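So you know, we letter chains A, B, ... as the sequences are listed, proteins then strands, and number each from 1. In this text the structure is predicted, and so the values were computed from the model without any measurement.
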Amino acid sequence: MEDLILTMIVRLILPFIQIYGYYIIIHGHLSPGGGFPGGAIIGASMILFALAFNLKEGSNKISHDTSTLLESGGAFGFAALGFLGVFMGSNYLSNRAAGFPLGIPGNLISSGMIFLISIFIGVKVASTFITLFFNLVEGKTHD
Amino acid sequence: MTALAAHVPALVVVNLLMCSYIMPVLARWKKHLCIPVALGSVSFSFILSIFLTFQVSRQGAFSYALGGWAAPWGIEFVVDHFSVFMLLTLTGVGLLILVYATEDLIHELKQDVVGWYYTLYLLLMGSMVGLALTNDLFNLFVFVEICAIASCAIISIKENRECIEASLKYLILSAVGSGGMLLGIAMIYMVTGNLNFTYVTEALPQAFELYPRNIMVAMSMFTAGIGVKAALFPLHVWLPDAHSSAPSPSSAILSGLVIKIYAAVFIKIFLRMFPWDVYETVPLMTIVLIMSSVGIVVGSMFAIVQEDIKKMLAYSSVAQIGYVFLGIGLLSQNGTLGGILHIFNHALMKSMLFMSAGAIIYSTGVRRISDLKGIGTKMPLVMSVFSIGAFSMVGIPMTNGFISKWYLAIGALDVDKPLYVAVILLSSLLNGVYYLPIVVNAFFGEGKESVTVHHKLPWKMTLPLIILASAIIITGIFPKLMLGLADKAVMFLLN
């Protein structure tokens, strides 16, 4: 079922929801929020899109293959980032000692690896939300 | 090499977790790589555990600060004799179960979820290894959650009615348990201001004088929370369904390792973190003793009346985890030694018994105990292995079950509680009542219709059974191998 009011409003607010999600992820180290809430917002925006338009079109936007890659990649990237610390002669998951520039506190590009970790978590959470939703919708079929 | 050697405590956990993350991708595009990567990852962790064991015996306990943040601020992994004892048990037995699983799963699961099974298996292994190593209360909670979710998922992956019902029951009860643990951690943090075990231990004696209620509530929360997860007697209701309906490799890892790691967490919290003189005013250990000894007797009694072989083994686990908690509750050196040793011994026995039951189901499709008559002549290897496990469960000398029961009995006598020796003796008899008829009937009984063997067992399924059976005999005849390590672990806990 497609409803004109619903699709029109979703069309209008979807970009703002997504921008807000990206904003929360990118500002994870500066303000409340971070990878998880931001990823959840982006995931929710995709769910909203699929619900308002139609499920087929929604699931075509992000295929199962892509979301598998993104899910695994997000978690793997976080874990792999920790190894940079080991290669630089410090401990696992270390930040400045691993050679990440800390920048000026308060700037967007600062805090070294925490900035990157938020992005990885955001990717992971957003793709997990989408996968969960489509798995529930599709019922018995598995990817 | 020397530079990397310092990072082994982190590597042993992260290697398992990372391989688990890439497993869905492999399952989608490179299916043939799933098994080699999973096996490689667990064997790598096993080798690292052996390395850590040598390192600990050479230089004593040492710690690893994640992210380079020193102890009270950052998360700390501590490698001591107890944690390497647990690491060796986990990765060694886990590797053998995985080898068995690679063959068994093809027949038990749908093709498209086999790849996901390895994800969950590695996640479970990683979380358990992390639980053995961590020295931080909140980090402990995170690993407990990962472990709980992964173990629910490897039950429900079989997707039939019983599995989903059992795993839902397990999910709800273990979530309650996690909640209890989280509240306990919050209470401890409230009065001590620390999450690191070492610092909490320092702060506890003073905190106990100021806020005894908080600490008592925390202790009861921890006992109930860990008790649910470790299936301590009145809280065991989820275990029989979950462990009997799951795929055989899942049953083996859940019964052999997962409930043991919670016993290890109990030891870490109550024997290492809390000062022992607390137990003079709080009767916690008496409660644990009563719960465990009732569990030992009643668990065996439930096992006697079971008709399904896997359900019988699951009830037997309820009884056997009672031994571990009995050893902890005795608060004596020999008793704790027996309890810790039983973690290792029971991990060998129970995973082997579940795998041999799985092998019987794999080749004949028989699950009922009464149908197993005369199977010993059809499957001599599997039933011999099963018999060794059964003898070890009863505690016949020359098997490792005898060694841990021996130390438990000595520990009970050391603290003048001969009642518990009677409990151990009684339960050994009860164990005999339900294990030995299976063995006798399998070799000497004659069934009405004889069982037919449909599939020949592949070597990947027989090899882990043979290794575990020889390990039971070898550690039964030469107990010094693991006893030395367990003894040092107890010394470390007692200081």
Side-chain angles (χ1 to χ4, degrees), chain A residues 29 35-36 62-100 102 111-118 120-121 123-125 127-128 130-132 134-136 138-143, chain B residues 2-30 34 37 41 62-71 73-77 109-119 122-123 126 130 133 139 146 149 156-157 159 164:
Chain A
H29 56 292
F36 191 90
I62 290 189
S63 69
H64 283 316
D65 286 356
T66 324
S67 65
T68 309
L69 264 184
L70 287 177
E71 267 191 87
S72 296
F76 188 81
F78 189 165
L81 213 54
F83 275 109
L84 274 176
V86 175
F87 287 123
M88 298 299 284
S90 179
N91 278 4
Y92 184 73
L93 273 180
S94 42
N95 193 351
R96 196 176 65 177
F100 291 105
L102 285 192
S111 82
M113 79 185 305
I114 296 173
F115 180 69
L116 297 171
I117 282 179
S118 302
F120 278 123
I121 296 175
V123 167
K124 163 85 185 155
V125 173
S127 57
T128 308
I130 296 163
T131 318
L132 275 179
F134 284 116
N135 271 349
L136 285 176
E138 285 161 16
K140 271 202 119 25
T141 53
H142 287 278
D143 61 318
Chain B
T2 44
L4 260 182
H7 302 291
V8 169
L11 206 60
V12 70
V13 183
V14 175
N15 139 53
L16 289 166
L17 293 181
M18 274 176 98
C19 288
S20 133
Y21 298 149
I22 54 168
M23 205 54 79
V25 175
L26 292 182
R28 191 136 188 106
W29 286 283
K30 299 265 180 229
C34 279
V37 168
S41 156
F62 60 97
S63 68
Y64 184 82
L66 282 172
W69 296 97
W73 297 284
I75 293 168
E76 193 186 29
F77 279 179
L109 298 180
K110 289 185 197 132
Q111 274 308 306
D112 47 348
V113 291
V114 173
W116 283 102
Y117 189 88
Y118 297 118
T119 311
L122 292 180
L123 205 57
L133 282 174
N139 194 232
I146 301 175
I149 301 288
S156 65
I157 196 162
E159 285 190 53
I164 290 174

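For B/L66, the parts sitting under 4.5 Å from any heavy atom of chain A are the backbone and the side chain alike. Using a 4.5 Å cut-off between heavy atoms, B/A10 touches chain A through its side chain atoms alone. Only the side chain of B/W29 comes within contact range of chain A, with at least one heavy atom under 4.5 Å from a heavy atom of that chain.
A donor-acceptor pair under 3.5 Å links the side-chain atoms of A/S72 to the main chain of B/Y21, judged by distance alone. The backbone N or O of B/Y64 sits nowhere less than 3.5 Å from a side-chain atom of A/Y92 that would complete a donor-acceptor pair.
Minimum interatomic distance between A/A79 and B/M18 (heavy atoms only, all atoms of both residues): CB-CG, 3.3 Å.
Contact check for B/L17 versus A/F78: no side-chain heavy atoms found under the 4.5 Å cut-off. Two residues are said to be in side-chain contact when any heavy atoms from C-beta on lie closer than 4.5 Å; A/F83 and B/L11 meet this criterion.
In A/F36, the CZ atom is not crowded: 12 or fewer heavy atoms of neighbouring residues, nucleotides or ligands sit closer than 6.0 Å. A/F87 CZ: 12 or fewer foreign heavy atoms inside a 6.0 Å radius.
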Problem set entry | Worked check of side chain to side chain contact (heavy atoms under 4.5 Å, CB included) between B/V25 and A/F76 | CA-CA 11 Å; B/V25 175; A/F76 188 81; over 6 Å; no
